[in-house]
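Here's the structure we're looking at; comments come further down.
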Amino acid sequence: MKKSLLLVTLSVCLLPLWGQQNFSRIDSLIKKMLPEASEVGISVYDLTAKKSLYNYRAEKLSRPASTMKLLTAITALSRPEAAEPFRTEVWHDGVIEHDTLQGNLYVVGGFDPEFNSQSMDSLIEEVITFPFSVINGQVYGDVSMKDSLYWGSGWAWDDTPAGYQPYLSPLMFCKGTVQVSVVPSTVQGDTASVSCQPVSSYYTVTNQTKTRTSSAGRFSFTRDWLTNGNNLLVSGNVTSIRKDDVNIYDSPRFFMHTFLERLRGKGITTPQSYGFAELPRDSVTVERMACWNTSVQKVLNQLMKESDNLNAEALLCRLGAQATGKKQVAAEDGIVEIMKLIRRLGHDPKDYKIADGCGLSNYNYLSPALLVDFLKYAYSQTEVFQMLYKSLPVGGVDGTLKFRMKGTPAFRNVHAKTGSFTAINALAGYLKMKNGHEVAFAIMNQNVLSAAKARAFQDKVCEVIIGK
C-alpha cells in the first residue's frame with residue numbers, strides 16, 4: 001500500500017516534467033552553429049501557459065530587416081478602420097455635354113501596392129461607360145495622400161534599380177517596376193529575345209545580348225538610373241531564360257502616362273499631357289466615375305509571404321493617414337502610431353529606433369523581446385491574429401519559408417516572418433509545441449555573413465522549441 005502511494009506521489013510530482021523541452025540545447029546550438037564573431041538574441045514565450053520559456057539576450061538591440069514588417073502590420077491591423085480596402089478612384093468636375101467632358105479628370109491615388117495592369121484596364125472600362133469620347137480639360141493625378149519623399153530614411157541609394165526598392169507614391173502601377181524576361185535564341189551568337197511587362201511607351205529597351213557567347217560578357221539587367229532615365233539595358237551572354245524586376249522612375253508619372261495611353265486606346269480623345277493636382281472636393285461639384293478596391297488581406301498576404309517592401313510602406317502611409325486624417329502624410333506619421341503601441345505594451349519607445357515600415361533601413365533597431373510582445377498582443381486580438389496568421393509564410397510550404405524546414409518537425413508548423421540583408425538574418429512568428437501549446441518566438445542573428453548558417457541555426461532552434 002505504501003509502495004503504491006509512493007509511486008502515485010512520484011507520478012504527480014513528475015507529471016509537469018513529462019514532455020518538457022530541454023531548452024539548454026539552444027545554448028549548445030549557439031556555440032556549435034554560429035560564428036564566434038556573430039551575435040544573436042532570442043525570445044520564446046508560451047502563449048497557452050502565458051509564461052516565458054527561454055531568453056538569450058532578448059533585450060539586445062538588433063537590426064530587424066524585414067521582421068520590422070510585423071510591427072507595421074500589427075499596428076495597422078489594430079486600427080478600427082483596418083479592414084477598409086485600398087482604393088484608386090477616378091473623378092471628374094465640370095459637365096458632360098454632346099459627347100464631351102467639359103471639365104477635368106482626376107485619378108486619385110490611395111497607395112494601392114497591388115494595383116496592376118488588370119486593375120488599370122478595369123478602371124478605364126468603368127470610365128468609358130460615361131457618355132463622352134472627348135476630354136476638353138486636363139487629366140490630373142492626385143498624389144496628395146503622401147509627401148513627396150519617394151524612399152525611406154536610411155535606404156541605400158545604390159539598391160536602385162532593383163525592383164524591391166520602388167519609388168513610393170499613392171499612385172503605383174505594377175509596383176513601379178517592369179518585369180524583364182530574356183529568352184536565348186536557338187542559334188548561338190544570335191541576339192536573345194527580350195520582352196517586358198507591363199507594356200508601356202513610358203520606358204524604352206536596349207537589347208545588347210548574345211546567345212551562349214562568353215565574349216559578350218556577364219549578363220545584366222539595369223536602367224540609366226544615375227540620370228533618372230527609363231531606358232532598360234539588357235546586355236551580355238544569355239545561356240538560359242532569365243527574369244528580373246527593374247524599378248521605374250518615377251512611379252506616379254509611370255502610372256499617369258500609361259493611364260492616358262490606355263484611355264486613348266479605347267477611343268477617348270485626351271489632352272497631350274497630364275499634370276498633378278488635388279481633387280477639388282470642396283470648391284466645385286465633382287462626381288466619381290470609377291473605383292478599384294484591393295482588400296487589406298491581399299496586401300497583407302503579399303507583404304508577409306513575399307516580404308514585399310512596397311506593401312509595408314503603403315500600409316505605414318495609410319496608417320498615418322487614418323490616424324491623423326491629413327494629407328501629405330509622412331512616414332513619421334505612421335511610425336508615431338507604432339511607437340504608441342510600443343508604449344501600450346509596456347516598453348519605452350525611446351529604447352528603440354524605427355525609420356521605415358519595411359525594414360530596408362539600416363537605422364532600425366528592435367529587440368527580440370519587443371517582437372515577441374507584438375506577437376503576443378496580436379495573438380490576444382482575435383481579428384488581428386486571424387488576418388496576420390493567414391498571411392505569414394509557412395515552413396516548407398510557401399513564401400520566404402518555402403524551401404526551409406522540409407522533412408523536420410517544423411514543416412507546416414512554423415508560421416513566421418523572415419528578415420534578411422547583408423550579415424543580418426531574423427525569424428519571428430508562431431509555432432506549436434508537441435504538447436499542443438502555442439508559442440511566439442523571435443530569433444535575431446547579427447554579423448553573420450553566411451545567411452545559410454543563420455537560417456540553419458534558426459530552423460534548429462524551432463525544432464528544439466517544438467520538442468520531440
Can you list the steps and then say if Q208 with T206 is a side-chain contact (heavy atoms from CB on, under 4.5 Å)? CA-CA 6 Å; Q208 296 179 350; T206 299; 3.8 Å; yes

When you compare the side chains of [X] and [Y], does any donor N or O come within less than 3.5 Å of an acceptor on the partner?
X	Y	value
T209	T191	no
E114	N311	yes
N309	K69	yes
Q381	S78	no
Y164	D159	yes
T400	K417	no
T294	D112	yes
W292	S119	yes

Verify the neighbour count for atom NZ of K406: are there more than 12 heavy atoms of other residues, nucleotides or ligands below 6.0 Å?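 More than 12 heavy atoms, drawn from other residues, nucleotides or ligands, come within 6.0 Å of this atom.
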
Answer yes or no: are there more than 12 heavy-atom neighbours, outside L345 itself, under 6.0 Å from its atom CG?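 Check passes, neighbour count above 12.
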
Show me the side-chain donor-acceptor pairs of residues 316-324 shorter than 3.5 Å, one per line, residues at least two apart or across chains.
residue: R318; atom: NH1; partner: E84; partner atom: O; Å: 2.4
residue: R318; atom: NH1; partner: P85; partner atom: O; Å: 3.4
residue: R318; atom: NH2; partner: A82; partner atom: O; Å: 3.1
residue: R318; atom: NH2; partner: E84; partner atom: O; Å: 3.1
residue: Q322; atom: NE2; partner: E81; partner atom: O; Å: 3.4
residue: T324; atom: OG1; partner: G320; partner atom: O; Å: 2.7
residue: T324; atom: OG1; partner: K326; partner atom: N; Å: 3.3

With sequence neighbours left out, which residue pairs that include part of residues 243-279 fulfil the ring pair (Phe, Tyr, Trp, His ring centres under 6.0 Å) condition? F115-F255, Y167-Y249, F173-F254, Y202-F254, Y202-H257, Y274-F276

Tabulate below the donor-acceptor pairs under 3.5 Å that side-chain atoms of residues 126-133 make, not counting sequence neighbours, or state none.
residue: T129; atom: OG1; partner: E126; partner atom: O; Å: 2.5
residue: S133; atom: OG; partner: D99; partner atom: OD1; Å: 3.3
residue: S133; atom: OG; partner: D99; partner atom: OD2; Å: 2.4

For the ring pair Y430 and F385, is the centre-to-centre distance below 6.0 Å? yes

Does the pair S391 and Q297 meet the rule for a side-chain contact (heavy atoms from CB on, under 4.5 Å), with working shown? CA-CA 8 Å; S391 71; Q297 188 68 62; 4.1 Å; yes

